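Structure first, commentary second.
Bear in mind that the values here come from a model prediction, so they are computed numbers and not experimental data. The figures that follow rest on heavy atoms only: side chains count, while hydrogens, waters and symmetry mates do not.
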Amino acid sequence: MAGKRRREANVVEDRSADTVHPSRKRRLEYSETDAKLASLFNDLADDVKSTRIKAAAELIRTLTDADAVKLDKALTRLIKGLCSSRKAARSGFSVALTEVLRLTPKHATPTSTDGLNLTLSSLINRIVTIATPDVRSNSQERRDYLLGRCFGFKSLIQSQLLFQEDVPLGQWEKVLDYICQLASETLWLRRECGMTLFESLSTLASIKGFDIQYANTVLAKLHQHKLLKTPEGLATWLTATALFPAIDLPKGVWHHNDPLNGKERSVVAKVLRNNSSPAEDESGNTKNTGAAQTTPSFAWQVVLNKLYERRAGEKGHEDVDKFWVEAVDNGLFSSSASTERKALGLQVVTLGIMTAPCELLGIVFSPNVMRCIMNQRAEADRYLHEAAKGPLLQAVARAKAEHEAVPYFLEALLSSKGAIDFDKMTKTKTVEELLKRVKSETQGRCLDVLQSLIENPGTDDQQLANNRRRILADMLLTLVRTTVAEESVETIKGLPVSSLALSLMVKFGYGDSKDPVPISEATREIFRARLISGLNHTMSTRRDKDFKVPENIASKVCAADSTSSSGLRTKADKQVIDVVERSHAILDELSRLDKKNKDKVKPALRAFKALFALSVIQAYNGEADVIGVLEDLEIAYQSWQNNTDASVMLIEILLSFISKPSAVYRKLAQQVFGAFAPQMNEDGLQSMLDILEKKESLAGQQELFDNDDDAEELAGSSDIEGEEDSDVEIIDGEDASDVEVDEGGSDEDEEEDTDDSSEEEQAGGDEEAEFEMKLAEALRTSKAGAEPKEADSDDDSDMDDEQMMALDGHLTTIFKERKKNSNKKKDNRDAKENIVNFKNRVLDLLLIFTKQEHTNVLTLSLILPMITLVKTTTSKQLSEKAFNLLQQYFGACNKSKAFPEPDDDAEALDLLEAVFGEIRSNASKLHSNACSRSSLFLAKILVSKDVENYAKIADMYTELQKEWYTEPKSHIQASVFTEWTSWSIVTKKHQH
């Protein structure tokens, strides 16, 4: 038998293709096509949308020229796919089914071939038949089949087969009956069925020359099945009347056929909340509608859009407000509303925030809505804690896309319906993020909102009003930062838009308060501090190159103070007033000169203007020491006017500025120094270098500062540079290099620090031992841990009054000495920190000088002090900063290919010899790198000036190398010579 089967198989294999029966051929061809179709059907249910779209397109191409049999099989498979429980199946299969249905008209004539029938009536019946659940189906299967039927009819409608000229209206009515019946009998499916009918109106409107009867039939069938007073029926009615003005509306449904009529407001609100079933609407019966809504019906958006469209009328805003109060505020957020209903309401609010016109956003944030959001966000364990964040996130998102909405959001969130400390109460940064979205053109409206709240903080309690005004002052500062960051050339009367917020700070910081709850002096100080912070941020951008902002603010401060009953003029003595008035006069003079003089002198004029303006403002803030600064400025200005060199005095003034804790002084000093950098002379530069040579100790501090107050002032800024809530806000983590005072250093510096600390510990141990001995002697006891002496009698166990008094005085002396020693250690640590901090700021100024004036021969005199600082400082941060200054200096020269030219080569060679002397010292690797790069830089200058200098430099390197090679204890790094050799090779190539 096995052999027989083999022979039969061979016979089959030997047959030619011509002898295969036609039906057998067809089955073989179908098997290949079916494999491809099966793959496409599988891709139609893929989770990735692009895969589904690609599969649908490929399926259409495959079936475009297919015969009726292939088309019939594909239709059946697609309808079954709509009933699938796979997550993305309905989406993919419905798209494909819509397009495949459009291919059926050429096969629509009933044929007897294999019993195929692709007529429209047959297709409707097929959707119903295939999508009918079996009587044995479980609830999930039943749900899938009924959803599949709904999607099948949706695809049929979108294919527009029902609206062709040769198709009777009865087919459309048949489909509508099926859909309405499904919506009536299966309440959980009502929304999907209603969406299908709603979308059918758009399909009808897109058909050219369609019969209005189709639209009439939609409303008629909804009326017949008692679905008009449902959310879906309401949306369909409103859309139908808008798309088809001539539509035949059912009678007696809505007052004047307008669901949005005032008399229907409560009914519409009830319909949207989905409180009633269709039967209750028409016949008065009451029964449960099924599962509670978890998401708002699409009808909400339709109704809201219609109300927005009508807002242009006399009562447009009023109609929207009344509807929102009825349907949302009192309907979804009433005190008796369930958590589920409030959750639904929060989604409706999010929808309103997303779509409402800007002027209606205040209506969306109604009282009950705001109360719910703030209550739910107050505690993390509230049921709707996260859900209440949704509307706030949507507000920020809209503000980002549409900055015109920001003032309306601010007014809604900060007003009486919300809270000035809204962010704190809701544990979000909503208001902060909104303020960051303000643009120059909307800042005015935002300022109006904040000004109104400052004047009327919504409380009669002074302390509470102070707290709220402080928060509002911070918001003003945020507005300054925001508009400074985004504004380019937008100005108002020549001033940046950010000056509007600064002017408002002036009003509340210096003027008299006529508000019901007066602005306290403490609150005024807050506004003044925020003003200084705002000025700092404005100047840090370097966009106000003319220093118009500080000049303008100084004038406004003067004007506000002159009318104030508690300003500077009412408190200060005549001498102070005279100095301030003279400074104002000089400011006016500088402003006039700035407009008349040539560009060459304008930087100096503007620098003086900035110095005077800011110093005057600080004088009005009550800083007594600034009067001395103004007097020095006046002398410097007069010297400059008389063509007398005032650079040294100006440098001293700038150094006093950078020694202050206020970041605005430091920023101003840097900008003014940049303006005066071209006029720097040797004496002025040396006054700065002298500071770098001071010891980082108490002795060095005493040399630098005339009194302890100056040192304490600098100490106030050495802990965290720019921490200025009481004075000036930190600006985006600026000048991180000024913040740290790392007392590390090079490897050997670290060893020195270790030795120092060991000595301190040893000293501390000796002092501790001495203290214990004195204490033990005073108490006549042994030291801790020592062997006890022979026990005395009870005579020594108690002391009489005279002995106690004597002991008390002795102990007081001992503890005073101990406290004195402890204070000395602290003073030394603080002094070191102060000096390091001051040197940091001086390096900032010198860096500006080297960047701007890298071709100035004076910059050469910086090289040796920087190398020395790298070696001698006990701060790792300072040594790295000094090395970085040299790198940037050399880099600026190399980039511009412009170098300082010394008058005498001998001076440059002497400087090089001094650098070589530093190379020989026992220092860190960073120090050696600084020396090596400095020597190469000097070599480059000398060789570029005269190539003959190369031989002299080479001889110097040779002598240095001999020393390195022959001296066993030499501290010279070998990298010095490898870098020199590499540089020589490179320069030789360029020379030749």
Any side-chain heavy-atom pair of [X] and [Y] under 4.5 Å:
| X | Y | value |
| --- | --- | --- |
| L82 | Y145 | no |
| I353 | F409 | yes |
| V303 | L238 | yes |
| R470 | R530 | yes |
| Y383 | K342 | no |
| M505 | V480 | yes |
| S155 | F93 | no |
| L414 | L450 | yes |

Using salt bridge (charged side-chain N to carboxylate O under 4.0 Å, His left out), reason through R90 and D144 one step at a time and then give a plain yes or no.
CA-CA 10 Å; R90 291 188 189 91; D144 291 336; 3.1 Å; yes
Using modelled atom types and a 3.5 Å cut-off, is there a donor and acceptor pairing between side-chain atoms of [X] and backbone atoms of [Y]?
| X | Y | value |
| --- | --- | --- |
| S159 | L156 | yes |
| T230 | G233 | yes |
| D321 | H317 | no |
| T482 | L435 | yes |
| N216 | L249 | no |
| T442 | V438 | no |
| K417 | G362 | yes |
| H403 | K439 | no |
| T186 | A183 | no |
| T426 | F422 | yes |

Could you tell me whether [X] atom [atom1] has more than 12 heavy atoms of other residues or ligands within 6.0 Å of it?
| X | atom1 | value |
| --- | --- | --- |
| N138 | CG | yes |
| Q158 | CD | yes |
| K427 | NZ | yes |
| R142 | CZ | no |

Please report the C-alpha distance between L434 and T430 in whole Å, then the side-chain angles of each, then the deciding distance to 0.1 Å, and finally whether the side chain to side chain contact (heavy atoms under 4.5 Å, CB included) criterion is met.
CA-CA 6 Å; L434 289 173; T430 307; 4.2 Å; yes
Side chain to side chain contact (heavy atoms under 4.5 Å, CB included) assessment of L360 paired with W324:
CA-CA 11 Å; L360 298 180; W324 188 266; over 6 Å; no
Working to the nearest 0.5 angstrom, can you tell me the gap between [X] [atom1] and [Y] [atom2]?
| X | Y | atom1 | atom2 | result |
| --- | --- | --- | --- | --- |
| I454 | L476 | CD1 | CG | 4.5 Å |
| R191 | L189 | CZ | CG | 11.5 Å |
| C193 | K154 | SG | NZ | 9.5 Å |
| K174 | L162 | NZ | CG | 10.5 Å |
| N375 | R377 | CG | CZ | 12.5 Å |
| D211 | W172 | CG | CH2 | 12.5 Å |

Can you name the nearest heavy-atom pair linking [X] to [Y], along with the distance?
| X | Y | value |
| --- | --- | --- |
| A240 | L201 | N-CD1, 3.8 Å |
| Q443 | L479 | NE2-O, 3.8 Å |
| L227 | C180 | CD1-O, 3.9 Å |
| L97 | G152 | CD2-CA, 4.3 Å |
| A45 | A88 | O-CB, 3.8 Å |
| M475 | I420 | CE-O, 3.5 Å |

For the pair T239 and T236, evaluate side-chain hydrogen bond (donor to acceptor under 3.5 Å, both in side chains) and give the outcome as yes or no after the intermediate values.
CA-CA 5 Å; T239 303; T236 305; over 6 Å; no
Between H256 and E264, does the side-chain hydrogen bond (donor to acceptor under 3.5 Å, both in side chains) criterion hold? Intermediate values first, please.
CA-CA 10 Å; H256 293 318; E264 299 286 5; over 6 Å; no
Taking the six-membered ring of W254, is the NZ or CZ of K229 close enough (under 6.0 Å from the centre) and on axis enough (within 45°)?
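K229 over W254 ring: yes.
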Geometric cation-pi criterion, R445 with Y408: 6.0 Å, 45°
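Pair R445/Y408 counts as cation-pi.
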Tell me if the centroids of the rings in F163 and Y214 come within less than 6.0 Å of each other.
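Yes - the distance between ring centres of F163 and Y214 falls below the 6.0 Å cut-off.
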Take R398 and E402 through the salt bridge (charged side-chain N to carboxylate O under 4.0 Å, His left out) test and state the conclusion after the steps.
CA-CA 6 Å; R398 179 163 180 186; E402 188 181 356; 2.9 Å; yes
Looking only at side-chain N and O atoms, does N368 offer a donor or acceptor that is under 3.5 Å from a partner on R371?
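R371 vs N368: donor-acceptor pair found between side chains.
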Are side-chain N/O atoms of N330 and E326 paired as donor and acceptor at under 3.5 Å?
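Per modelled atom types, N330 and E326 side chains form no pair under 3.5 Å.
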Salt-bridged, [X] to [Y], with N to O below 4.0 Å?
| X | Y | result |
| --- | --- | --- |
| R437 | E432 | no |
| D258 | R310 | yes |
| E433 | K436 | yes |
| D177 | K221 | yes |

Only one of D423, L393, I373 forms a side chain to side chain contact (heavy atoms under 4.5 Å, CB included) with T428, so which one is it?
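Only match with T428 under side chain to side chain contact (heavy atoms under 4.5 Å, CB included): D423.
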Please state whether the rings of Y178 and F153 are parallel, tilted or perpendicular, taking 30° and 60° as the class boundaries.
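Ring orientation of Y178 relative to F153: parallel.
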Which of these passes side chain to side chain donor-acceptor pair (under 3.5 Å) with N466: T459, D461, T523?
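Single side chain to side chain donor-acceptor pair (under 3.5 Å) partner of N466 among T459, D461, T523: T523.
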Side chain to side chain contact (heavy atoms under 4.5 Å, CB included) evaluation trace for S297 with E232:
CA-CA 8 Å; S297 168; E232 298 72 30; 3.7 Å; yes
Applying side chain to side chain contact (heavy atoms under 4.5 Å, CB included), run through I471 and K424 and close with a yes or a no.
CA-CA 10 Å; I471 294 171; K424 182 179 179 181; over 6 Å; no
